[in-house]
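Protein chains get the first letters and strands the later ones, always in sequence-line order, with residue 1 at the start of each.
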2 protein chains.
Amino acid sequence: MSTRRKSMPAPAAEAPRRAADRIRDTAFELFYREGIRAIGVEEIVNRAGVTKPSLYRAYESKDELVADYLRDYHQRFFQRFEAPAAEHPDDPKAQLLAYLDRLAVRASSEGYRGCGLTNAVIEYPDHAHPAHQVAVDSKQALRERLREMCRGMRARDPDELADSLLLLLEGCYVSGQTFGEGGPARVLGTAARRLIDAAL
Amino acid sequence: MSTRRKSMPAPAAEAPRRAADRIRDTAFELFYREGIRAIGVEEIVNRAGVTKPSLYRAYESKDELVADYLRDYHQRFFQRFEAPAAEHPDDPKAQLLAYLDRLAVRASSEGYRGCGLTNAVIEYPDHAHPAHQVAVDSKQALRERLREMCRGMRARDPDELADSLLLLLEGCYVSGQTFGEGGPARVLGTAARRLIDAAL
DNA sequence: TGACAATGTTACCGATCGGTACGTACTCTG
DNA sequence: CAGAGTACGTACCGATCGGTAACATTGTCA
């Protein structure tokens, strides 16, 4: 859902954007870096330079803001995930490995905070919570996409390979933030290649 | 005067233990099942059937209680992890696979909540927080133990194999609670065998 | 019996939580 | 210019957070 402005083609470039946008961006940054439960609405609006009522005009509740953050994360994630497709058309193996190799670097650097969606599942274990649901839906889409790619690789058992790779992926997200630099995330590419080669 | 039963020196075996023990056990259960940040001290003492002062006589703060919970978890974890050693002496590969096979079952069942230590790292990303530190220390010990086992397997590159297996392990913990029954965790054993066989 | 340690009871603290009633300033339109 | 509508801020709400003070009660052991 987007707030479309009518005429007035944007005064300049960006700085004093709408309150809702500032909230959205600030919340994204804070939720991801510090964790969702650790951040209160007060801190969000302060850092965004707006006030609480502005937040509650744009979102029904904090939970809705969280869900929106996760939907946003989901979208950005798949953008990153599918980005290598352009460089390696019709080569799902190369596409996947390209993403994994980039991820391995990010996840092995200091201050890495893992996957916002995975983190949300852990912060909100209650299956009824909107944050949990959005995150799980996203992960299910990822699983399905991986299966599709493994079928494209002509793996003997595409579903099994996809799940194995998903384990490596998720392991990389969490190990990245546990160990930081020089952590196990560095072997992601190698391990994935081993599994793929053994499955074709 | 009061309607509550008086002395009754332990009617059966264990029920009315010390307040500190009841708090410890209740906190363990609640922190693990619901998440640490989601559980307040009030809820802990209510469910434990004690009162807040009792909690603060046994622990300096909630953070200390959390750290203690994690140390407890660490101990129970390694107990489970090393349990198969008795059945497979001098066979690190069989030991590890035995643990993984059991884990795969647990992690693929409904309501699985993953590893309390991994969850704590995500709930407390701040490296200075005691919970974060205890959890990371435990994970580093696990990494070292895995390396030791991989050396025992005579792997070509034991550190690389250990890290690969650690990724699978952590992936299993988090995917277990994301997908529940029929999730990717089911392939843990197969994937681990593939990686081990390829590394010897 | 008396002393002591452990626990419960009650009532509170300041801070922060998510959330809102209501007033104000700007801008677009007639 | 008048008026409407939009966008935002000030000030506040009750609930809950982690944590504490003061005192009553209990079981144990000497």
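Between the side chains of E123(B) and N119(A), no donor-acceptor pair of N or O atoms lies under 3.5 Å.
In this structure, the NZ atom of K62(B) is 16 Å from the P atom of dT16(C), given to the nearest Å. For Y59(B) and dA6(C), the OH to C1' distance is 15 Å, given to the nearest whole Å. For L65(B) and dC17(D), the CG to P distance is 15 Å, given to the nearest whole Å. Summarising the geometry, the separation between CG on L30(A) and P on dC17(C) is reported as 12 Å, rounded to the nearest angstrom. Per the geometry, CG belonging to D63(A) stands 13 Å off C1' belonging to dC17(C), to the nearest Å.
Residue whose closest nucleotide on DNA chain C sits further toward the 5' end, between V50(B) and S61(A): V50(B).
Within residues 36-46 of chain B, no residue places a heavy atom under 4.0 Å from DNA chain C.
An OP1 or OP2 oxygen of dT20(C) is reached within less than 4.0 angstrom by no side-chain nitrogen or oxygen of Y56(A). Residue K52(A) places no side-chain N or O under 4.0 Å from the OP1 or OP2 atom of dG19(C).
In the displayed structure, R106(B) atom CZ is contacted under 6.0 Å by more than 12 heavy atoms of other residues, nucleotides or ligands.
Between K52(A) and E43(A) there is no salt bridge, since no side-chain N of the basic residue sits under 4.0 Å from a carboxylate O of the acidic one. Remark: K139(B) engages E170(B) in a salt bridge, criterion side-chain N to carboxylate O under 4.0 Å.
Below 30°, between 30° and 60°, or above 60°: for F28(A) and Y69(A) the angle between ring planes is above 60°, a perpendicular geometry.
Stacking of R143(A) on the aromatic ring of F179(B) is recorded, both the 6.0 Å distance cut-off and the 45° axial limit being met. Both cation-pi conditions hold for R37(A) and Y124(A): the charged atom is under 6.0 angstrom from the six-membered ring centre and inside a 45 degree cone around its axis.
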Can you name the atoms? Protein N/O to nucleotides 4-7 of chain D N/O, anything below 3.5 Å, with the distance.
unit_1, atom_1, unit_2, atom_2, d
dA7(D), OP1, R18(A), NH2, 2.7

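Listed by chain and number, the residues in a side chain to side chain donor-acceptor pair (under 3.5 Å) with Q133(A) amount to none (sequence neighbours excluded).
Within the 3.5 Å criterion, the main-chain N or O of R186(A) finds a donor-acceptor partner in the side chain of S108(A).
Among the atoms of the strands shown, only primed sugar atoms or phosphate atoms (P, OP1, OP2) are found under 4.0 Å from some heavy atom of S54(A).
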